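Since the structure comes first, as structure tokens, the remarks are kept for the end.
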Amino acid sequence: MIDLRVLRDEPDLVRDSLAARGMPPALADELLAADAARRAAVTSADRLRSEQKTASKEIGAASKEERPAMLAAAQELAAQVKALEEEERIADAAVRTAHLAVPNLVADGVPPGGEDDSLVLETVGELPSYDFEPRDHVAIGTGLRAIDMERGAKVSGARFYFLTGVGAELEFALANLAMAQARDSGFTPMIAPSLVRPEAMEGTGFLGAHADEVYRLAADDLYLVGTSEVALAAYHADEILDLAAGPIRYAGWSSCFRREAGSYGKDTRGLVRVHWFDKVEMFSFCTPDQTAAEHRRLLGWEKQFLAALELPYQVVDIAAGDLGSSAVRKYDCEAWFPSQSAYRELTSTSNCTTFQARRLNIRYRDEGGRPQVAATLNGTLCAIARTIACLLEVHQQADGSVRVPPALRPYLGGREILEPVG
RNA sequence: GGAGGGCUCGCAUAGUGGCCUAGUGCGGCGGUCUUGAAAACCGCUAUGGCUGGUGACAGUCAUCGUGGGUUCGAAUCCCACGCCCUCCGCCA
């Protein structure tokens, strides 16, 4: 949720931001009107409630003879209060609806427009060249007996897989490498729940425009998270954090579930787009003035991890129209997939400023000791399935074996090469 | 799944319809005293909304797990839900 004070003081900021995302600026005016209506409703209800309190107290102090007449008047007052409170409720609900419809304010410098307007900031690493026809990760992984897509489909359906043998080992190796890097960078390692209550899902903004991406367990009113960002953000809900010593950083491992509604026919093969995968996610709580610097740090840690895996990639400044509703800015790291001759998203880091924290009621104390809304940021350290896919493709060799980058070897029993099986 | 107990201010507790503007203790902050400190004593001690003010602030409303209800009036009575604890059963 955006700060309503900003909207009241500088509505053009909000209108411009909506326009940059390709959304109707009128959403700002609808919220503005709902806000004004709510404030009017609150003021009149407060005034009458105050009157009622006074009247009630007088009844308490009155003698038996005085009471009947006073009660009649008080009953009338109570009915009026009830009516005004109903108006207040309706006005509250209207603000809430309008509030949820307005995404976070796009940061200065974010390219306006849609997907095609995203800007490549830099390209890192040399594209590999092969003196053979590079295979895709499904072919390589099948040869290594590392990936079993067929049985994944048999057991769970399309977009499911088994990691077997060295594939399963790769999952743990990547998770351990990611967690080790995160720990060395000052993150607290976390294992986070994959099932969360509606407030957590809503608070992080995942029940908005993309609600149909989310698995819901109706019998229990719980949601399967699409990223541990949800649980990590909600971890400190309703708390006042001590941010005096700098940002609080967590690296969370969890399974992630995505319905991939509307992506029929897209990336149907392999591990690139699946309904379930495991992920190590970075998450930061900090003060709002620190977010731009923290965002660059998160990007830096993502780049460090990709460098350790020796994967060529490009960094993309995502255009306004392609940002999630919570983000003011998003950088994606897209790694090279030789089988597709294309860069594909491997990691993504978003600066959500106070948008999620306001909703989740996460605050800190400023120098004056006053509570202020905190800021949140998140970034992928390793989306494991897709990273395995990329790793196998980039480091494949002519005989179907795969070279293990040195950083990963300690986590794979020292192996330098993964060999095809029989 | 079954049975019971609980949820009150940072922590601990009191509070079974109006004197609750939620008391007391602890902790914390400030002060008096003291060469300094401790002790003692005095004062303060939450969060959010709204209104007013340039402002430190003032007024007002809300908040006793959450949401409804009864009542002129609810921490207190009723209903539903959430969470925690204990025991039984089942279980990785």
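Atoms considered below: every heavy atom in the structure, side chains included; atoms not considered: hydrogens, waters and symmetry mates. Note on naming: letters A, B, ... go to the chains in the order of the sequence lines (proteins, then strands), and numbering restarts at 1 for each one. It should be emphasised that the depicted structure is a prediction, and the values quoted were computed from it without experimental measurement.
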query: Is the shortest side-chain N/O distance from A/Lys82 to OP1 or OP2 of B/U70 below 4.0 Å?
result: yes

The Watson-Crick or G-U wobble partner of B/U76, with both key distances under 3.5 Å, is none

Re B/U60: Watson-Crick or G-U wobble partner, both distances kept under 3.5 Å, found to be B/G49

Picking from B/G18, B/C57, B/A62, the nucleotide nearest the side-chain atoms of A/Arg370 would be B/C57

Here the residues of residues 358-366 of chain A within 4.0 Å heavy-atom distance, strictly under, of RNA chain B are A/Arg363, A/Arg365

To the nearest angstrom, the NZ-P distance between A/Lys57 and B/A74 comes to 11 Å

Here the distance between atom P of B/G67 and atom CZ of A/Arg197, to the nearest Å, is 13 Å

Rounded to whole Å, the CD-C1' distance (A/Glu85 to B/A62) equals 10 Å

note: A/Leu77, atom CG; B/C72, atom C1'; distance rounded to Å ~ 9 Å

Atom CD of A/Glu88 and atom C1' of B/G68 are separated, to the nearest Å, by 16 Å

Between A/Ala74 and A/Gln372, whichever has its closest RNA chain B nucleotide further toward 5' is A/Gln372

Testing B/U51, B/G73, B/U47 for proximity to the side chain of A/Pro371, the answer is B/U47

For B/G30, the nucleotide meeting Watson-Crick or G-U wobble distances (both under 3.5 Å) is B/C42

> Which is it for A/His295 and A/Tyr331 under the ring-ring contact (aromatic ring centres under 6.0 Å, His included) test, yes or no, and what are the steps along the way?
Replying inline: CA-CA 9 Å; A/His295 199 195; A/Tyr331 300 117; 4.6 Å; yes

Considering only heavy side-chain atoms of A/Arg5, the closest of B/G73, B/G49, B/U70 is B/G49

Requested in this report: Test A/Asp212 against A/Arg259 for salt bridge (charged side-chain N to carboxylate O under 4.0 Å, His left out), laying out the working first.
Outcome: CA-CA 7 Å; A/Asp212 58 356; A/Arg259 295 186 64 234; 5.8 Å; no

The nucleotide from B/G73, B/G68, B/G49 with an atom nearest the side chain of A/Ala78 is B/G73

Checking N1-N3 plus N6-O4 or O6-N4 for Watson-Crick, or N1-O2 and O6-N3 for wobble, each under 3.5 Å, the partner of B/U16 is none

Quick note, A/Arg39 side chain, CB onward, closest among B/U51, B/G68, B/C57 is B/U51

Phosphate oxygens OP1/OP2 of B/C61: is one of them under 4.0 Å from a side-chain N or O of A/Ser50?
yes

* Phosphate OP1/OP2 of B/C50 contacted by A/Arg8 side-chain N/O (<4.0 Å) -> yes

